[in-house]
Structure formats: structure tokens, C-alpha cells
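These notes are about the structure you will find just below.
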Amino acid sequence: MNTRDLSPTARTRLGRARDRGRLDRKDLYDVLDAGMICHLGLVLDGSPMVVPTGYGRDGDTLYVHGSTGAQSLRSAATGEICVTVTHLDGIVLARSIFHHSVNYRSAMIYTVPRPVVDPDEKLIALRAISERLAPGQWDVVRRPNRRELSATAVLALSLDEASVKMRQAPPSDDEEDYELDVWAGVLPVRQEFGDPVPDPRLRAGIALPEHIRYRADHIPPR
Ligand SMILES: Cc1cc2nc3c(=O)[nH]c(=O)nc-3n(C[C@H](O)[C@H](O)[C@H](O)COP(=O)(O)OP(=O)(O)OC[C@H]3O[C@@H](n4cnc5c(N)ncnc54)[C@H](O)[C@@H]3O)c2cc1C
């Protein structure tokens, strides 16, 4: 496990609002572990493409997966990519429109993906991706068979070159605007799960498993 803090490179050094940057590697893991999707940015045939997709983390490796037919994954396997994970935590309502902002936690990762071919590592990756969305599910469902595994492309992304940025603060207005008769503050934004909806084809007598009930009753970790 890489315990080194994040050391900014020429491209991960924050340009603006540097005080919002975090160099503690744990902050990177916390942002990743609180998310369920990432955005995978790549250049495909000379055009930029940003693809929302699931991911999982195992130690210092982030995994993404998809169909072997997915052109984004095929292209990502051949060059540099940039992945982001973003959490919107609040709308920051200031006294002037200029100072409106958002509270957030976000991470950006630059890397050259490594295609995963080893079946054992593929399973580790798929488990990590599955557990990100539905912890506990891997242990109760049918695992991928050989045909399904070979139809699934998996990329391993190193977390060596990454940046983290966070804003968690009230509005920051111009001093003279604090006299204005305008409400100011933060409107928190939260992601939550709803009540589980059984599959119409669910066989009678199959109860909602505890790990899904637990997930449904808890907002995703912050
Ligand atoms: C939900 C959300 C909404 C936002 N809305 C706005 C907006 O409307 N306008 C605006 O100007 N900015 C917004 N930001 C901030 C924005 O993400 C950039 O941080 C900011 O625009 C600075 O960009 P820059 O082009 O100067 O990049 P630079 O700061 O020069 O980027 C250099 C490097 O810093 C790192 N970096 C930059 N931004 C981030 C980040 N957010 N997270 C992690 N690493 C980062 C990357 O490694 C990047 O390569 C928002 C952020 C979030 C999460």
C-alpha cells in the first residue's frame, strides 16, 4: 500500500484556490470510497470523450470495467486518461451572485491504464467494483463464469498521480455586502438510497437480504 502523500506534478498542481487542495493520501481514498461513479476522460481518434462509469478501489489501484466491445475502454487501454470523482455537498448562497459557490470534494487522477488479463486480478477488480455499489452482494450472487470474464475488459489505474480538492465553508462575501438584506448560507446536498424495489420476477419467499436493507437505510458514507 502506498502511504506517501500526494506530491503535486506539473499537471496536478492546483492553479486556482490552492487552499482547497489536499495532499493527504487518505483524503484521496476517502473521496474515492464515498463515490459510486467516476468520469473517465480520454482522447478517442483525436476527440475528447468523457464517459461516466463505475469503479472500485483495491489499495492503490482503481479499477474500471466494461464490455470488450466498448471503444472508450479499448482506447483508454492505449494511452493517457484522466478520471474524476466528484461529490456535491452544498450550494453556497452568497449575498452577491459573484460569490455563489459550491461545497464539494473531488479527485482527479492521471494515469496510463494497465489492461488486466490475469483472471484472478480480474476477479479482484470486479469484486471491488461490485462492492462499491452494493457491499456484500459479491458473496451471495453467482460469480462471473469464464465466458463472462472474457467478455469483460478491466483496466487498472494507478493512483500515483492524483489531486484532491475540497470546499467546505460558508459563503465568502465582499466585506461591504455583509450589510445587505439578503439571506446567505449553505443548502446541503445529500445522496440517499430509496426503498428497494423487488424484481417483478422475484421468486416468492426470497426476503430482502440484510446487506441491501442496511445499504438502503444508510446514506452513502461521506
Ligand atoms: C461540483 C463542482 C463544481 C465546480 N464549479 C466550478 C465553476 O462553476 N467554476 C469554476 O471555475 N470552478 C468550479 N469548480 C472547480 C473546478 O473543478 C476547478 O478546480 C477550477 O475551475 C480550477 O480549474 P483550472 O482550470 O484553473 O485548473 P487548475 O487548478 O489549473 O488545474 C490544475 C490541476 O489541479 C487539479 N485540480 C483542479 N481542479 C480540481 C478539482 N476540482 N478536483 C481535484 N483536482 C483538481 C488537477 O490535477 C488539475 O490538473 C467546481 C468543482 C466542483 C467539484
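Indexing begins at 1, ligand by ligand and atom by atom, following the structure's order. Predicted, not measured: the structure shown is a model, and the values here were computed from it.
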Partner of D27 by side chain to side chain contact (heavy atoms under 4.5 Å, CB included), out of K165, R105, R22: R22

By salt bridge (Lys or Arg N to Asp or Glu O under 4.0 Å) - contacts of D199 (at least two apart): none

Non-neighbouring partners of R74 that pass salt bridge (Lys or Arg N to Asp or Glu O under 4.0 Å), sequence neighbours left out: none

Hydrophobic cluster of I212, others only, ordered by chain and residue number, side-chain cut-off 4.5 Å: L208

Neighbour list for ligand 1 [protein residues, heavy atom under 4.0 Å]: R11, T12, R13, L14, G15, R16, T86, V102, Y104, S106, M108, Y110, S163, K165

Distance (rounded to the nearest 0.5 Å) between R11 CZ and E161 CD: 4.0 Å

Joint cluster assignment, L23 & L28, ILVMFWY side-chain distance < 4.5 Å: yes

